Amino acid sequence: MIDLKSNGIPNTILDAINQFAPYKDDGVSISLPPLTIENASDRVSITLNGENLDITCDREGLTRAKNLASNDCPALSGCPTQIRVCLNHILQSCIHSLENTPDLPQKVSIRPTIELPGDPFS
């Protein structure tokens, strides 16, 4: 669980992050601007300050998550503590999930995002 006493993170965001299950709940999205986390069965997509990063459900994703968790991510420079705390929690959740996935593949194919043609309201 994330430390509820500090960091100024709204309780609704804390609840969502504490219940976050990487690669399990397709379509779950958490937003704490400038951080957005989107969950899918093949990846966890992180957008921070306009930079996109996918933690895929494979060994490459595990390596990426570990590297991000152990090093200062350039996208985090200047981010408030609450953003750093949330992102670290998400990365640790991804690492735990991937390390406990039997027969984790080396690389998965990412499913394309479905985009609807045109404006559905026109």
Side-chain angles (χ1 to χ4, degrees):
M1 297 281 282
I2 298 174
D3 180 8
L4 298 174
K5 297 176 187 166
S6 60
N7 303 316
I9 303 168
N11 285 338
T12 54
I13 301 295
L14 286 171
D15 290 344
I17 289 173
N18 285 326
Q19 294 173 14
F20 186 77
Y23 316 107
K24 302 233 184 299
D25 298 324
D26 270 353
V28 169
S29 179
I30 300 169
S31 182
L32 180 62
L35 175 67
T36 301
I37 298 128
E38 295 177 343
N39 205 8
S41 60
D42 59 350
R43 68 187 172 274
V44 171
S45 296
I46 299 167
T47 305
L48 179 61
N49 293 326
E51 291 188 40
N52 297 319
L53 174 68
D54 287 334
I55 306 296
T56 50
C57 189
D58 55 23
R59 291 181 190 164
E60 289 182 13
L62 177 58
T63 299
R64 178 175 284 163
K66 285 181 174 181
N67 286 338
L68 284 171
S70 65
N71 300 318
D72 283 331
C73 177
L76 285 176
S77 61
C79 282
T81 301
Q82 63 185 13
I83 299 297
R84 291 175 183 263
V85 168
C86 291
L87 183 56
N88 186 55
H89 185 79
I90 294 298
L91 290 171
Q92 294 303 324
S93 294
C94 290
I95 291 167
H96 179 76
S97 176
L98 294 170
E99 286 180 336
N100 290 296
T101 299
D103 302 320
L104 187 65
Q106 182 63 36
K107 184 171 178 76
V108 295
S109 297
I110 295 178
R111 293 182 317 214
T113 303
I114 298 172
E115 293 187 26
L116 298 175
D119 182 359
F121 299 105
S122 59

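Since the model is a prediction, treat every value here as computed from it, not as a measurement. Throughout, residue positions are numbered sequentially from 1 according to the sequence presented.
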Self-check item: Chi angles and distances behind the side chain to side chain contact (heavy atoms under 4.5 Å, CB included) call for Leu62, Asp58
Solution: CA-CA 6 Å; Leu62 177 58; Asp58 55 23; over 6 Å; no
Exercise. Please examine the side chains of Asn18 and His89, heavy atoms only from C-beta on, and report whether any two atoms are closer than 4.5 Å.
Key: yes
Quiz item: Do you reckon Val85 sits in the same ILVMFWY cluster as Leu53, going by side-chain contacts under 4.5 Å, direct or chained?
Solution: yes
Quiz item: For Thr56 and Asp54, does a side-chain donor sit closer than 3.5 Å to a side-chain acceptor?
Solution: no
Practice problem: Would you check if Pro10 and Ile13 make a side-chain contact, meaning some heavy-atom pair closer than 4.5 Å? | Solution: yes
Quiz item: Can you check whether Tyr23 reaches Ser97 side chain to side chain, under 4.5 Å on heavy atoms?
Solution: yes
Quiz item: Are any of the side-chain heavy atoms of Gln92 and Asn88 separated by less than 4.5 Å?
Solution: yes
Quiz item: Less than 4.5 Å apart, any side-chain heavy atom of Ile55 and any of Leu68?
Solution: yes
Self-check item: Flag side-chain contact, heavy atom, 4.5 Å: Ile46 against Glu38
Solution: no
Practice problem: For the residue pair Asp26 and Asn39, establish whether any side-chain heavy-atom pair is separated by less than 4.5 Å. | Solution: no
Self-check item: Any donor-acceptor pair under 3.5 Å from Asn52 side chain to Thr47 backbone
Solution: no
Quiz item: Roughly how far, to the nearest 0.5 Å, is CD1 of Ile95 from CZ of Arg64?
Solution: 13.0 Å
Quiz item: Rounded to the nearest 0.5 Å, how far does CG of Leu35 lie from CG of Leu48?
Solution: 5.5 Å
Quiz item: Got Cys79 and Asn49 here, is their nearest side-chain heavy-atom distance under 4.5 Å?
Solution: yes
Self-check item: Check: Leu32 main-chain N/O paired with Thr36 side-chain donor or acceptor under 3.5 Å
Solution: no
Quiz item: Hey, mind stepping through Arg59 and Glu99 against salt bridge (Lys or Arg N to Asp or Glu O under 4.0 Å) and telling me if it holds?
Solution: CA-CA 9 Å; Arg59 291 181 190 164; Glu99 286 180 336; over 6 Å; no
